[in-house]
Amino acid sequence: MAATASEPKEVKLYGAWGSAHAAMARNALELKGVRYEYAEEDLESKSEALLRLNPVHGGKVPVLVVDGRHLAESLVILEYLDEAWPGRAPRMLPPQDQPRARAAARFWARFFHDKVSPLSHAVLFAADGEERARMAREIKEQMGVMDAGIQRDFPLGGGEGEGPFLHGRQPGLLDVILGSCSPGTRVLSAVAGEELVEPGVLPRVHASLVAFGELVAWFGTSVPHVRLLARLLERKERTRAAPA
């Protein structure tokens, strides 16, 4: 889709293989049909450009550069895309005339970022099986809170009509966030030895993950969870072997 006269012209995204946060930005750009240049970064040897663009976070990805101006953090980028390309569907957030729904989407996005995401590292790098099982239970409990809250705040997709996504017939902010984390969720399930997202326990989240995975299968933004698991285990071993 060609850019209109009022839309940004030059778009470049800095990301990294296996980064769920970078995948969020890539998936949102792809869903909206925004043309962009993608720069793959090695997070163990970051480029000078990335360090210069995101000094506040030490060169973390993603970083989006639009017409020479840059911004960082996945949640910030996702909301920005709605404002920079207002005429392009799907919207990340509900319409402006639904302030309650917009606030709820932001709340659950932040809930996942603050309450669920940090537990991933705890599962992967747990000292023993007992600790890993405890952290896996905590993830499932927090995801249960989120699924119940989404069912309450977005019944049948939040007014967009019943659909497989959390926001209705089309994916929105929460679908992009959770769907982009799907490979990592499968990795954690493999490490924990149990499914963390079961359809009977987390029906809305599970349905969203399945639908989102089918939708973005051709984008080239997802990574095989088996390869991701191998890389994370390799990193874990290097961390253990490193001198104190």
Side-chain angles (χ1 to χ4, degrees), residues 1-3 7-47 49-51 53-54 57-93 105-106 109 112-113 116-117 120 164-167 170-187 208-229 231-232:
M1 183 183 296
E7 288 184 347
K9 302 298 190 301
E10 296 183 3
V11 183
K12 184 173 184 177
L13 178 69
Y14 289 80
W17 189 93
S19 167
H21 292 282
M24 293 175 198
R26 290 189 73 186
N27 284 327
L29 286 165
E30 294 283 352
L31 287 168
K32 284 182 173 289
V34 175
R35 292 182 179 179
Y36 66 100
E37 177 186 353
Y38 179 68
E40 177 71 21
E41 285 284 338
D42 178 356
L43 297 184
E44 296 184 2
S45 180
K46 299 173 183 177
S47 70
L50 180 62
L51 292 170
L53 290 168
N54 192 10
H57 297 104
K60 287 185 177 181
V61 295
V63 173
L64 185 69
V65 182
V66 180
D67 290 342
R69 306 285 299 272
H70 62 273
L71 65 158
E73 296 192 6
S74 53
L75 296 184
V76 172
I77 291 172
L78 294 182
E79 290 200 37
Y80 167 80
L81 295 180
D82 266 359
E83 298 176 1
W85 287 272
R88 299 204 184 196
R91 293 186 301 263
M92 292 297 101
L93 286 172
R106 290 188 177 105
F112 181 81
H113 184 275
V116 181
S117 187
S120 301
F165 299 106
L166 302 177
H167 291 271
Q170 291 186 320
L173 180 71
L174 298 176
D175 301 288
V176 171
I177 291 171
L178 294 177
S180 299
C181 292
S182 183
T185 301
R186 296 181 68 186
V187 164
S208 170
L209 293 183
V210 172
F212 192 84
E214 294 174 351
L215 184 63
V216 304
W218 302 104
F219 290 170
T221 56
S222 297
V223 298
H225 81 280
V226 174
R227 286 182 58 199
L228 180 59
L229 174 59
R231 178 172 292 191
L232 291 173

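On a predicted model such as this, the values are computed, not experimentally measured, just so you know. The figures here come from the full heavy-atom set of this structure, side chains too, leaving out hydrogens, waters and symmetry mates.
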**Asked** Does some side-chain heavy atom of H57 sit less than 4.5 Å from a side-chain heavy atom of E73?
**Response** yes
**Request:** Evaluate the side-chain proximity of M92 to V176: yes if any heavy-atom separation is below 4.5 Å, no if none is.
**Result:** yes
**Item:** Residues Y36, E30; criterion side chain to side chain contact (heavy atoms under 4.5 Å, CB included); working and verdict
**Value:** CA-CA 9 Å; Y36 66 100; E30 294 283 352; 2.9 Å; yes
**Message:** Check this for me, if you would: do R88 and D82 make a salt bridge, where the nitrogen-to-carboxylate-oxygen distance has to be below 4.0 angstrom?
**Reply:** no
**Stacked cation flag R26 on Y38, 6.0 angstrom / 45 deg** = yes
**Asked** With a 4.5 Å limit on heavy-atom distance, are the side chains of K46 and Y14 in contact?
**Response** no
**Message:** Set out, in order, the CA-CA distance, both residues' side-chain angles and the distance that settles side chain to side chain contact (heavy atoms under 4.5 Å, CB included) for V65 and V11, then state yes or no.
**Reply:** CA-CA 6 Å; V65 182; V11 183; over 6 Å; no
**Message:** To the nearest 0.5 Å, what is the distance between NE2 on H21 and CG on L78?
**Reply:** 10.5 Å
**Message:** For a 4.5 angstrom cut-off between non-hydrogen side-chain atoms, does V210 reach P164?
**Reply:** no
**Request:** Carefully, step by step, assess L215 and L31 under the rule side chain to side chain contact (heavy atoms under 4.5 Å, CB included).
**Result:** CA-CA 9 Å; L215 184 63; L31 287 168; 3.5 Å; yes
**Check: L64 main-chain N/O paired with K12 side-chain donor or acceptor under 3.5 Å** = no
**Asked** Less than 4.5 Å apart, any side-chain heavy atom of V61 and any of L50?
**Response** yes
**CD (E40) with more than 12 external heavy atoms under 6.0 Å** = yes
**Spacing of Q170 atom CD and D175 atom CG [to the nearest 0.5 Å]** = 10.5 Å
**Item:** Rounded distance [0.5 Å steps], OG in S74 versus OH in Y80
**Value:** 16.0 Å
**Message:** With heavy-atom distances below 4.5 Å as the criterion, would you say the side chains of L93 and R106 are in contact?
**Reply:** yes
**Message:** In the structure I gave you, are the side-chain heavy atoms of L174 and F165 within less than 4.5 Å of one another anywhere?
**Reply:** no
**Message:** Contact between F212 and I177 at the side-chain level, heavy atoms closer than 4.5 Å - yes or no?
**Reply:** no
**Message:** Check whether N54 reaches the backbone of K60 with its side chain - one donor and one acceptor, N or O, closer than 3.5 Å.
**Reply:** yes
